[in-house]
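The structure under discussion appears below in the form of structure tokens.
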Amino acid sequence: MRKLLGVFLALGLAILAYIVAIQFFTEEQARLFAVLTLLLTLWTNEALPLGVVSLFPIILFPMLGILDTNQTSANYSNSIIFLFIGGFLLAIATEKTELHKIIAYKVVKSFPATPRGLLASLTMTTALLSMILSNTTATLLLLPIAVFVTQNRLLQSRLALAIAFGSSIGGIATPIGTPPNLILLGFLESNHLPMISFVQWMVLTLPLVIFMLLGMIAILSIGLKKEENLTIEWAQQQRLTIAQWRLLGVLVATVALLLLNSPIQPYYNGLGLNEKGILLSAGLLTFLPVLGVLTWEDTKKLPFEVVFLFGAGFAIAEAFHQTGFSNQIAQFLTHIIAFPHSLIILSMALLTVFFTTTITSNTALSAMMLPLIYTFTTKTGLNSDLFLLITTVCASFAFILPISTPPNAIAFAGGYVTVKQMLGFGSLLTLLGVLIVFLVAEFYWGWMFAFLAD
């Protein structure tokens, strides 16, 4: 009954959105706004499965005269999706061989056996894993460790928050680390804009990620005893198995190829290979009998609902462009161009964080915000690359509520974290994140984009 009410709520809000939108937009744009409201509501209240809702544009856009079927469905095969599939196949192989446990153990034993040392170790481990695994997977794999290593409820809650928050922060560091990053790459490619290579992305985001992780450790360490020593018994695997060695070889070779493929202008032009092809090839290599890691049965773990969500996001972006909806919204936003540049950066960061935390998923938000931000910046002469990256990064700063991200929900559902704890620490971390993004964007990204352009 609750889910049925959720469907009716979505339909009611969509009708209301159309009635309001028709006062300000064209008929076509008002219909698009109504569909967006329907999708957002259903994605948020989970009245229907995520993957099912994500397929609605294929039906609703042609039905309402927004885009035809071919225009809509073509977005569900965007080449960026295959980069995601390749990355996730590597993640499935890592999980299957339990290579992630070896990585986790190596990191944890390098830190002091104190509450703050354990907090720092799990934070860094989660961040490292979430650079190649999905944030959800990294959280699910490491959260049991937080419960296993201590019976102290206070420390358990801090470790659970560190894993949930650390996965969201760590995912920012690589293009494949979290869905909003891939949404941005897909948007750049679809609009024939200069792409950001794997290495360039990491050069841009790693300083921010490091500052965020250090700030998060400091915030979550408030009230923890420094001197308390912990007894951590972890059955360690002494040697890597043959399968783990083989997979490690694939991962190292993939990273090396990505590094060699990234140009450093004007000194080095790179290999000229397609990064999506590199990641997909690496994922498919794990099926070779000589490696003996994955079988076709393992592909059942691929999160096809996220693939469909990507497709929906790209279809929405296309609809924004074709209907002129993004132009209209950008026209409304031009009033803030009179603000100082620093204040515009701060406003965009706060706007993105607010919507991500309170209204919708960061993936859906990125799909809707990026076309608007791009149109706004091109109309006003602002640096599009800078503001698109600000929006994408801030979409991962959803730390305040359990419903904001899957890692938050997992930590909360396990009973280790209360809403009050997440709200308190999450609010501090969100404010810190906005401040760090502002400083990095103002003093580092602007300079870096100018350097890369030269």
Side-chain angles (χ1 to χ4, degrees), residues 51 54 75-103 128-141 167 170-186 189 195-199 201-202 240-262 270-311 313-314 363 406:
S54 299
N75 291 283
Y76 288 77
S77 59
N78 189 296
S79 60
I80 292 295
I81 290 174
F82 295 97
L83 182 146
F84 169 79
I85 291 174
F88 212 89
L89 287 174
L90 292 176
I92 293 172
T94 302
E95 179 183 354
K96 183 177 181 179
T97 61
E98 297 190 340
L99 183 60
H100 65 282
K101 291 185 177 179
I102 308 298
I103 297 172
L128 286 171
L129 288 179
S130 64
M131 291 180 188
I132 55 171
L133 304 179
S134 75
N135 299 344
T136 303
T137 301
T139 303
L140 286 170
L141 292 176
S167 66
I172 297 171
T174 64
I176 62 172
T178 192
N181 300 356
L182 291 167
I183 292 289
L184 173 59
L185 294 182
E189 184 176 56
M195 294 292 288
I196 304 174
S197 73
F198 202 97
V199 173
W201 184 285
M202 293 192 71
L240 293 177
T241 64
I242 294 176
Q244 288 171 338
W245 272 117
R246 290 170 176 170
L247 178 59
L248 186 61
V250 172
L251 292 174
V252 171
T254 302
V255 172
L257 194 56
L258 288 169
L259 290 172
L260 291 172
N261 191 56
S262 298
L271 300 177
L273 301 176
N274 188 296
E275 289 193 341
K276 295 180 283 293
I278 293 174
L279 262 297
L280 183 59
S281 297
L284 295 178
L285 275 176
T286 59
F287 288 93
L288 289 180
V290 69
L291 290 175
V293 178
L294 294 184
T295 65
W296 186 250
E297 289 296 310
D298 294 313
T299 61
K300 292 179 180 179
K301 295 182 179 180
L302 278 172
F304 289 104
E305 69 275 10
V306 179
V307 173
F308 293 152
L309 184 60
F310 280 153
F314 296 139
T363 306

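These numbers were taken from a predicted model, which means no experiment stands behind them.
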(message) Treating S130 as the side-chain partner and S167 as the backbone partner, does any N or O pair qualify as donor plus acceptor under 3.5 Å?
(response) yes
(message) So does I172 get a backbone contact from the side chain of W201, meaning a donor-acceptor N/O pair under 3.5 Å?
(response) yes
(request) Check Y76 against F308 and note the closest heavy-atom contact, atom names and distance. (result) CE2-O, 3.4 Å
(request) Report the residue from T286, L247, L294 that forms a side chain to side chain contact (heavy atoms under 4.5 Å, CB included) with K96. (result) L294
(request) Quick one: closest heavy-atom pair of E189 and M195, and the distance? (result) N-SD, 3.6 Å
(message) Distance check, rounded to the nearest 0.5 Å: L90 atom CG versus L251 atom CG?
(response) 5.5 Å
(request) Could you check W245 against T97 for side chain to side chain contact (heavy atoms under 4.5 Å, CB included), going step by step and ending with a plain yes or no? (result) CA-CA 10 Å; W245 272 117; T97 61; over 6 Å; no
(request) Return the minimal non-hydrogen interatomic distance between V293 and D298, and the atom names on each side. (result) O-OD2, 4.0 Å
(message) If the condition is side-chain contact (heavy atoms from CB on, under 4.5 Å), which residues does L285 pass it with, not counting sequence neighbours?
(response) L288, L291
(request) Nearest 0.5 Å please: distance from the OG1 atom of T254 over to the CZ atom of F198. (result) 9.5 Å
(request) Ignoring hydrogens and angles, tell me if any N or O in the side chain of R246 forms a donor-acceptor pair with the backbone of T241 under 3.5 Å. (result) no
(request) For S77, enumerate each residue passing the side-chain contact (heavy atoms from CB on, under 4.5 Å) test, keeping only those at least two apart in sequence or located in another chain. (result) none
(message) With rounding to the nearest 0.5 angstrom, report the CG to OG distance, L89 to S281.
(response) 11.0 Å
(request) Looking only at non-hydrogen atoms, find the nearest pair between F287 and W296 and report the distance. (result) CE2-N, 4.0 Å
(request) Return the minimal non-hydrogen interatomic distance between G171 and N181, and the atom names on each side. (result) O-ND2, 3.0 Å
(request) For T174 and M131, indicate whether the former's side chain and the latter's backbone hold a donor-acceptor pair under 3.5 Å. (result) yes
